[in-house]
> 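Encoded as structure tokens, here's the structure I'll be asking about.
Here the structure is a predicted model, which means the values were calculated and not measured. Each ligand, and each atom within it, is numbered from 1 in the order the structure gives.
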Amino acid sequence: MAKTRVYELAKELKVSNKDLMDTMAQLGIYTRSHMSVLENGEVIKIRNHYRQIWRAARAAKLKQQEAAAPKEERAVTEAAKEQPAERHEEITAAVAGEAAGSAAMVTPPASTATDTGRSPQGNEAANKALTEKGRQPAGEDTAPAAAAQGEQHRVDDRQTGKQAGKTKARPEQKQHRRRENKVQEQEGRRSQERAERPQKIDQQAPQTVAPRPAGKGAGRPPRGKQLRIPKPPETVTKEAPEKRRERPGKPTARQEENGRSRKKVELEQQLEERLLRRDKEKSKAKAAQQEAPKVVRRLTLTGSITVQELAKRLGKTAAEVIKFLMGQGIMATINQELDIDTAAIVAQEMGAIVEVKEEKPITLLEDQPDDPETLRERPPVVTVMGHVDHGKTSLLDAIRRTNVTATEAGGITQHIGAYQVKIKDRKITFLDTPGHEAFTAMRARGAQVTDIAILVVAADDGVMPQTVEAINHAKAAGVPIVVAINKIDRPDANPERVKQQLSEYGLIPEEWGGDTIMVPVSAVKKEGINELLEMTLLTADMMELKANPDRPARGVVIEAKLDKGRGPVATVLVQKGTLKVGDNLVAGAVYGRVRALFDDKGERVKSAEPSMPVEVLGLSDLPQAGDIFQVVEDEKLARQIAALRQEEHRQEEFKAAAKTSLDDLFKQMEAGEVKELNLVVKGDVQGSVEALRAALEQLSTNEVKVSIIHGGVGAITESDVMLAAASKAIIIGFNVRPDANARRAAEEAGVEIRLYRVIYEVIDEVKAAMTGLLEPEKREVILGRAEVRATFKVPKVGTVAGCFVTEGKIQNRALARVIRDGVVVFEGRIESLKRFKDDVREVAQGYECGVGLEKFNDIKVGDIIEAYAIEEVKREL
Ligand SMILES: Nc1nc2c(ncn2[C@@H]2O[C@H](COP(=O)(O)OP(=O)(O)OP(=O)(O)O)[C@@H](O)[C@H]2O)c(=O)[nH]1
């Protein structure tokens, strides 16, 4: 048989090691620690002992449940009343303990200090009890009644014991103690502490059962014999051993035969008391729970919520919520999000009152249209555009200085990217960002900022490529143009020639019967500036520019910079409403609270009305130029919108890839997404561009109109890509290639560039795309580019180009084209590829190589050799 250790047995009996060792000590089994091994006999002894205790405890509990406490008291009192008066003296001593117990019921135990046997409080309690009892007639019946009620009197009795224990030991008791000591000596190994325990039982036992001899033993403490009555003493010794140790000892007769049963009884009592205490605590807790006002939680659900958060708001543990969900067949983790409906059901089922307030998603560009009644006139917002060096900056300066000197003595103090000028009490807002880059960048973001474009054309230079671009940009944006024919002070200025050239682009001057205002100016001499401004206002009048100033502001970020002292500073243009200090706003994916506003002169202002540019302080980060800003109710909402916008930006980027492409044009047409096919056409010569323009525009049908929004000569530039991106256009390159920047920009913006060498191919493809009959596409994949740095004439081979691979790789036998100044001068195949003198299959970026082209010797230094492959892509219509 396997040996049993103390802790194993403790585990088996479901008691603590300490409790078991205490019990074992009482059974006379001593061990050093809970790891000690027990003899089989000892194990059996302990098990039997506990079995008895449990049985007794169960019985006691049942009885206790049956009997009511008041009944017990009544029984005792009434029985006592029936006692003949003459017997009173006899039983007084016997019932002293019980009486003391009664007293203890109303008086809290005076002390649990050690050696309370000599405690005056104990005596007092006992005496008091005696006096009280003495007043009542006591009789023999009391004893049986009390004895009969023994079980029910456990609490009282225990207190009785306590109190009685505190009374001074009598001579008889002293005698008992002496005997006890003798036994102890004999037993030797028993501790003094243990020796005191039986004394307590001896002293207590008779107190409860004393009346039993019906007066015979009056004045004497009951004998140890009476301890055989199992129940009464249990009520006395149900405290933990430590506590009992604190009790005063009371000498009693200790007999060998009853020693064992006494111990047993003591242990039974001990266990039962523990059980009782636990029951009491439980019922107390239950009562407290019942008494506690039930808290009904109210919660408002606005969206999905995690299990943890829901539990927190319900005042429950996450485990409780998870358990509930499991009961409903939902396996959820603590961090799992529950949709609003599920969360509402869970909350309701778990006793909460739920209010569901689903927040509407805030869309990025959601804007309430204003009631026409609320609209007020607002200043026009003007952008100055034109070819390089035609005088954009000079004109903007002239306008500002003219205005500054005209309105105030001081100079220009601040430059914030936009400013307002006053003409005859009317204002014009100028965006101080010349060039169409900013213009198109904003348009590409969906921000139409400009109302009017001033096109600067130098009178001595005439219409130039960027002039044309600017015209096309303005037209694509639907922005009216006011032409400023600049540099009229120059001797070679020829304004008439400029008008003539512009008319070719659809800008017909008024004096020629057209509707384009053209003002001759000199930015340097500041001539014609006021007239230009007045004409601009006239154009604005025709446009009836209006906005509601009495609403939360909304507008566009013009530029943003990080200021060392002031943090993120954004220049914004208010388009609607009035922006005020203290407003919570969100700009793009950035939010904040307006800490301060500064106007274009650097002066602090409290608010900004429609068309007013202001610097805003207080944003959390830098927004981007072209970002839309709007004032919202609170910062939390601002933060939410900022996050949503971030998400929308991501989606926009994703969508960028799905912009108009010839491949899925038909699909888009069918879906009604495309009503107009915008094209940017770039060619090697003006003639081919014009020919393409005419041929492509003729392809227009009732469903789709083909518009060439820009056509020009030369390589495809970044500017072309930006225009195409802003207008959702496709770029057609005829014998021209995009430069590196343009290719990168096109990739980023998702603009399709299609390159052709033969005009009818362009026409055919666009036509086929429009009818959904595009052939399986042969898509070109650029392998790499190499720059020609030297040329060598090799006999019998021809001209070989000494190249440096700038991008990707060059492969032997790959298809290749030679690009000179953005124009394709040859298309064919690479015939030979060498590294030093060795033939190689391919040469990677960053290496030099020698390239020989099939049937092409006219290669020149500076040419670009582009190697490519053709991939066939199956069309999905
Ligand atoms: N004579 C004369 N020169 C002018 C006038 N306007 C501008 N200029 C000169 O033309 C040159 C270019 O002027 P800018 O204002 O820098 O031209 P821009 O269009 O802003 O040039 P970019 O910023 O390079 O595109 C400068 O040297 C100016 O002094 C003018 O009305 N008359």
> Just jot down the ligand 1 atoms closer than 4.0 angstrom to any heavy atom of Arg490, in number order.
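What qualifies from ligand 1 is 1 (N).
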> Using a strict cut-off of 4.0 Å, indicate which atoms of ligand 1 neighbour a heavy atom of Lys392.
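Answer, ordered by atom number: 15 (O), 17 (O), 18 (P), 19 (O), 20 (O), 25 (O).
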> Any N or O on Lys525 sitting closer than 3.5 Å to an N or O of ligand 1?
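No: no nitrogen or oxygen of Lys525 is under 3.5 Å from one in ligand 1.
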> Just how far is it from atom CD of Glu534 to atom CD1 of Ile428, taken to the nearest 0.5 Å?
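Going from the CD atom of Glu534 to the CD1 atom of Ile428 covers 9.0 Å.
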> Counting heavy atoms only, name the option from Asn486, Asp389, Val384 that's nearest to atom 22 (P) of ligand 1.
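Considering heavy atoms of Asn486, Asp389, Val384, the nearest to atom 22 (P) of ligand 1 sits in Asp389.
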> Distance only, no hydrogens: is a donor on one side chain within 3.5 Å (strictly under) of an acceptor on the other, for Thr429 and Gln420?
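Indeed, the side chains of Thr429 and Gln420 share at least one donor-acceptor pair under 3.5 Å.
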> More than 12 non-hydrogen atoms from neighbouring residues, nucleotides or ligands closer than 6.0 Å to CD on Glu544, yes or no?
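Incorrect, the count does not exceed 12.
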> Does Tyr868 have Arg817 sitting over its ring (NZ/CZ under 6.0 Å from centre, angle to axis within 45°)?
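Arg817 over Tyr868 ring: yes.
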> Counting only nitrogen or oxygen atoms and a 3.5 angstrom limit, does Val524 reach ligand 1?
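Yes: some nitrogen or oxygen of Val524 is under 3.5 Å from one in ligand 1.
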> Pick one of side chain, backbone, both or neither for how His390 approaches ligand 1, counting any non-hydrogen atom pair under 4.0 Å.
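Within the 4.0 Å criterion, His390 contacts ligand 1 through backbone atoms alone.
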> Verify whether one side chain among Asp720 and Thr717 offers a donor that lies under 3.5 Å from an acceptor in the other.
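Yes, side-chain donor-acceptor contact under 3.5 Å.
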> Report yes or no: do Arg376 and Asn548 form a side-chain donor-acceptor pair below 3.5 Å?
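Absent: no donor and acceptor within the cut-off.
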> Can you name the atoms of ligand 1, numbered from 1 with element, that are less than 4.0 Å from a heavy atom of Val388?
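Those of ligand 1 that fall under 4.0 Å from Val388 are 24 (O), 25 (O).
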> Numbering the atoms of ligand 1 from 1, which are under 4.0 Å from a heavy atom of Asp489?
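The list of qualifying atoms is 1 (N), 2 (C), 30 (C), 31 (O), 32 (N).
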> Taking N or O atoms only and a 3.5 Å limit, does Gly391 qualify as a polar contact for ligand 1?
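Indeed, backbone or side chain, Gly391 has an N or O that close.
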> So is Ile488 polar-close to ligand 1, meaning N/O to N/O under 3.5 Å?
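No, no N or O pair falls under 3.5 Å.
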> Determine, for Arg785 against Glu787, whether the closest basic-nitrogen to carboxylate-oxygen distance falls under 4.0 angstrom.
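Between Glu787 and Arg785 there is no salt bridge, as every charged N stays at least 4.0 Å from the carboxylate O atoms.
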